[in-house]
Amino acid sequence: MIQIKDFKGFEGQTIETQGWVMNKRSGKGIEFIILRDGSGFAQCIVSEENVSPATFDRAKRLSQETSVKLSGKIIKDDKQIGGYEMHVDDIEIIGESVDYPISNKEHGIEFLMDNRHLWLRSKRQWAILKIRNRIILSIHNFFQKEGFIQTDSPIFTGNAAEGSTTLFSSKYYDQDAYLAQTGQLYGEAMAMAMGKIYTFGPTFRAEKSKTRRHLSEFWMIEPEMAFFDNDMNMDLIENFIKHIVTDVLENCKEELEILERNLSVFKNIAKLRFPRLTYDEAVKIIKGEKTINGKKSTDILIEDLAEVKAQINNKKAELQEKEKEIAGGLKKGVKNFIQNKIDQLKNEISDLEIVEKNIPQWLSSAENFRYGNDFGGSDETVITRMFDVPVMVYNWPHEIKAFYMKRDKAMPEMAKGVDVLAPEGYGEIVGGGERETDLNLLLSKIEEHKLPLKEFEWYLDLRKYGSVPHSGFGLGLERTVAWICGTQHIRETIPFPRYYGRLHP
RNA sequence: UCCUCCUUAGCUCAGUUGGUUAGAGCGUCGGACUGUUAAUCCGCAGGUCCUAGGUUCAAGUCCUAGAGGAGGAGCCA
């Protein structure tokens with residue numbers, strides 16, 4: 001049995017393949033089957049003169065998503081996806097498919113999410129999951145090459161680790177339990193045993209967030225390194241992200257093309273140094289007090305707003321024109337084509353109008369930003385808008401960071417944390433930093449955050465027995481996939497997303 | 001939890017100041033067409049206008065409440 005991706009090695013030969021009918025077009029005496037098998041897509045042609053009447057009849061009756069075994073000859077044809085097509089001589093139907101709900105037209109998101117188990121079969125979702133797979137492989141390759149050991153942290157925990165986020169509560173036999181929001185504290189223990197480790201697992205947050213950046217269940221990669229300060233940590237993060245992006249660009253060309261990802265944003269990523277801003281500098285950029293390449297962030301937002309408004313006007317003018325056009329007596333095919341264009345324009349306009357509404361809010365939120373606060377989604381967008389590559393922000397006010405974050409000796413009010421913000425509004429993809437080693441500081445922090453000391457006694461042991469400087473970070477897998485794929489929404493980046501309001505399928 | 005918007009055919013949507021029997025495209029099904037790229041052309045079928053209540057001679061359209069959805073804020077990866 002030959003997979004579609006391997007057709008190129010069988011030119012001129014008769015082979016067997018199996019897969020699903022993605023789409024079908026027909027002419028008199030000829031059927032064009034678009035077959036998919038998970039490895040790729042190929043057009044398979046059934047010509048009445050080359051097959052038995054029974055086989056041709058089977059071909060005519062094939063419906064969308066019927067599973068089939070085909071045998072036929074592989075022919076080179078540069079016009080086709082993949083460059084090869086099959087001239088079929090026999091068809092065996094494996095499984096019927098009646099009234100498949102997802103058509104080749106545009107669908108709304110609610111419908112697609114309700115049918116997520118089938119939506120996964122479509123080309124775009126296939127491309128995203130292939131890239132997700134490549135990113136996962138790339139992550140393992142990077143850490144394994146760097147001498148990290150993969151070790152995993154528990155999913156059931158007895159405490160809310162950082163105390164800030166809402167967790168999913170559960171039962172562990174007769175005790176209260178929570179689903180882990182991070183494996184970080186366990187990661188630290190394992191780094192003290194293994195040197196350099198990383199965890200790779202699911203994470204749960206019960207925040208009722210309804211945005212295109214949030215999931216309730218997502219996958220996080222959390223490296224933790226003994227004898228690492230935050231500067232070494234930032235160097236590692238930068239190399240790590242560059243490695244992933246470069247690897248995907250090299251190995252997922254077809255998938256990125258299907259997604260129509262604008263690759264110019266990645267062009268120089270391997271060569272450019274990621275900007276490293278202190279929190280203080282970042283705040284000045286947000287408030288428009290510091291310029292980058294002679295521009296203030298607020299100016300850029302105002303320019304963006306003008307640009308969006310101009311685009312809306314252009315699209316509205318185009319829409320009017322098309323509507324006038326379609327009112328005239330045209331052939332049906334031309335009419336359909338224009339109607340599709342009209343639908344597309346309407347969607348684009350409503351998306352742009354949301355941006356138009358958001359920008360003034362972001363602008364005022366940027367101008368009114370109070371030093372000492374954490375960044376919101378809009379502040380992150382403002383900062384990243386100034387650069388083409390991910391931006392690192394470090395040295396944060398310790399009050400807004402977790403209890404275990406290391407205080408800076410030179411600036412005691414600051415903690416040595418680092419956040420990495422992805423460009424184009426994809427937000428924080430990495431959060432991390434150097435961990436506090438001073439036992440007394442940790443004790444006072446635990447008290448300050450009103451955390452149950454009893455739950456952290458084991459963690460404090462790490463500082464009693466051979467404590468060393470150490471650092472680590474967490475990478476959000478889905479946000480990384482969203483950024484690299486350029487998806488509109490994070491929910492497309494995981495096979496079965498769990499977010500506020502979505503538990504099925 | 002708060003703010004804004006949305007809910008009409010299997011899907012995507014139109015439906016004017018409230019007015020007769022609620023429309024289109026796509027999809028399904030039937031037919032036509034030898035090479036199509038979301039093929040095209042002809043035809044049939046397809047409706048709890050989200051739910052409940054109210055205003056009115058008359059409600060898809062107006063009012064109230066509820067349910068569901070989308071995007072933001074907060075929170076974060």
Side-chain angles (χ1 to χ4, degrees), chain A residues 22-34 41 43 45-49 61 63-64 77 79-81 85 87 98-115 123 162 164-166 181-182 184 203-222 323 326 331-340 342-344 346-347 350-351 353-355 357-358 361-362 365 373-378 380 400 402 419-422 426-432 473-483 488-491 500-502:
Chain A
M22 210 177 179
N23 195 10
K24 201 187 65 169
R25 294 177 278 270
S26 49
K28 186 177 169 67
I30 190 160
E31 298 286 329
F32 302 93
I33 299 163
I34 308 301
F41 308 89
Q43 174 164 281
I45 294 170
V46 190
S47 185
E48 193 166 17
E49 58 197 22
R61 287 187 299 110
S63 54
Q64 205 185 347
D77 182 352
K79 278 186 302 193
Q80 300 308 328
I81 28 163
E85 64 180 20
H87 288 206
V98 180
D99 294 334
Y100 186 71
I102 299 177
S103 65
N104 284 325
K105 269 281 272 190
E106 244 183 62
H107 296 282
I109 191 63
E110 191 183 0
F111 174 80
L112 289 171
M113 280 311 315
D114 285 342
N115 289 286
K123 211 173 190 175
E162 302 182 21
S164 56
T165 43
T166 319
Q181 59 145 336
T182 168
Q184 124 114 60
T203 301
F204 308 89
R205 309 234 168 132
E207 300 291 347
K208 293 180 179 175
S209 302
K210 282 181 78 87
T211 82
R212 51 188 73 183
R213 304 190 298 283
H214 286 88
L215 291 171
S216 302
E217 178 183 300
F218 62 96
W219 288 69
M220 191 154 68
I221 294 88
E222 295 185 280
E323 278 176 340
I326 207 168
K331 276 185 75 179
K332 210 170 165 186
V334 181
K335 250 183 170 170
N336 286 348
F337 182 79
I338 297 174
Q339 187 60 49
N340 284 334
I342 287 173
D343 289 350
Q344 199 188 329
K346 281 184 183 171
N347 283 337
S350 81
D351 281 351
E353 279 172 345
I354 290 173
V355 178
K357 215 173 67 184
N358 284 341
Q361 286 173 22
W362 294 349
S365 136
N373 285 355
D374 204 350
F375 299 157
S378 63
E380 291 176 358
I400 56 172
D419 283 357
V420 180
L421 311 175
Y426 285 98
E428 190 181 337
I429 53 171
V430 166
F473 64 91
L475 174 88
L477 177 64
E478 286 76 15
R479 282 192 184 171
T480 306
V481 176
W483 166 52
Q488 181 84 355
H489 202 295
I490 196 168
R491 71 187 143 214
Y500 185 58
R502 172 64 60 181

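The figures that follow rest on heavy atoms only: side chains count, while hydrogens, waters and symmetry mates do not. Because the structure is a prediction, the values reported are computed rather than measured. Numbered from 1 within each chain, the chains take letters A, B, ... in sequence-line order.
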Quiz item: Closer to the 5' end of RNA chain B via nearest nucleotide, is it R61(A) or K24(A)?
Solution: R61(A)

Quiz prompt | Residue whose nearest RNA chain B nucleotide is more 5′ - H87(A) or S26(A) | solution = H87(A)

Let me know the distance between [atom1] of [X] and [atom2] of [N], rounded to the nearest Å.
X	N	atom1	atom2	value
L215(A)	C75(B)	CG	C1'	14 Å
I400(A)	C75(B)	CD1	P	10 Å
H107(A)	C11(B)	NE2	C1'	6 Å
N23(A)	U28(B)	CG	C1'	14 Å
R25(A)	G35(B)	CZ	C1'	10 Å
Y100(A)	G27(B)	OH	P	16 Å
F218(A)	C75(B)	CZ	C1'	12 Å
I30(A)	C33(B)	CD1	P	15 Å

When rounded to the nearest Å, what value does the distance between [atom1] atoms of [N] and [M] take?
N	M	atom1	value
C57(B)	A45(B)	P	38 Å
U16(B)	G23(B)	C1'	14 Å
U21(B)	G60(B)	C1'	15 Å
G47(B)	U55(B)	P	31 Å
U56(B)	U61(B)	C1'	13 Å
C76(B)	A22(B)	C1'	47 Å
U4(B)	G66(B)	P	14 Å
C49(B)	A9(B)	P	9 Å

Quiz prompt | Heavy-atom donor-acceptor pair, S209(A) side chain to T211(A) backbone, under 3.5 Å | solution = no

Practice problem: Look at the side chain of R205(A) and the backbone N and O of S216(A), then say whether any donor-acceptor pair between them is shorter than 3.5 Å. | Solution: no

Practice problem: Could you give me the CA-CA distance, side-chain angles and deciding distance for H107(A) and I102(A), then say whether side chain to side chain contact (heavy atoms under 4.5 Å, CB included) is met? | Solution: CA-CA 8 Å; H107(A) 296 282; I102(A) 299 177; 3.9 Å; yes

Exercise. Return the set of residues passing ring pair (Phe, Tyr, Trp, His ring centres under 6.0 Å) with F375(A) (not counting sequence neighbours), or none when no residue passes.
Key: Y279(A), F369(A), W396(A)

Please work out if [X] contacts a base, only the sugar-phosphate, or nothing of the nucleic acid, heavy-atom cut-off 4.0 Å.
X	result
E217(A)	nothing
G431(A)	sugar-phosphate
F32(A)	base
D77(A)	base
D374(A)	sugar-phosphate
E49(A)	base
I45(A)	base

Sort out the partner of [N] for me: Watson-Crick or G-U wobble, both distances under 3.5 Å, none otherwise.
N	result
A14(B)	none
A70(B)	U4(B)
G35(B)	none
U64(B)	A52(B)
C29(B)	G43(B)

Practice problem: Determine, for E31(A) against K24(A), whether the closest basic-nitrogen to carboxylate-oxygen distance falls under 4.0 angstrom. | Solution: yes

Practice problem: Find out whether R479(A) and Y426(A) are in side-chain contact, i.e. whether some heavy atom of one side chain is under 4.5 Å from a heavy atom of the other. | Solution: no

Self-check item: Phosphate OP1/OP2 of A77(B) contacted by R479(A) side-chain N/O (<4.0 Å)
Solution: no

Quiz item: Does N115(A) have a side-chain nitrogen or oxygen under 4.0 Å from the phosphate oxygens OP1 or OP2 of C11(B)?
Solution: no

Self-check item: Interatomic distance, M22(A) atom CE to K123(A) atom NZ [nearest 0.5 angstrom]
Solution: 6.5 Å

Self-check item: Summary of protein contacts for nucleotides 68-74 of chain B, nucleotide by nucleotide, where a base hit scores B, a sugar-phosphate-only hit scores S (4.0 Å, heavy atoms)
Solution: SSBSBBB

Self-check item: Distance-only donor-acceptor check, side chains T203(A) and E217(A), under 3.5 Å
Solution: no

Quiz item: Looking at U36(B), does its base get a donor-acceptor pair with the side chain of Q43(A) below 3.5 Å?
Solution: yes

Quiz item: Is the count of non-hydrogen atoms from other residues, nucleotides or ligands lying under 6.0 Å from F111(A) atom CZ greater than 12?
Solution: yes

Practice problem: Check the pair H214(A) / E207(A) against side chain to side chain contact (heavy atoms under 4.5 Å, CB included), numbers first and verdict last. | Solution: CA-CA 9 Å; H214(A) 286 88; E207(A) 300 291 347; 5.9 Å; no

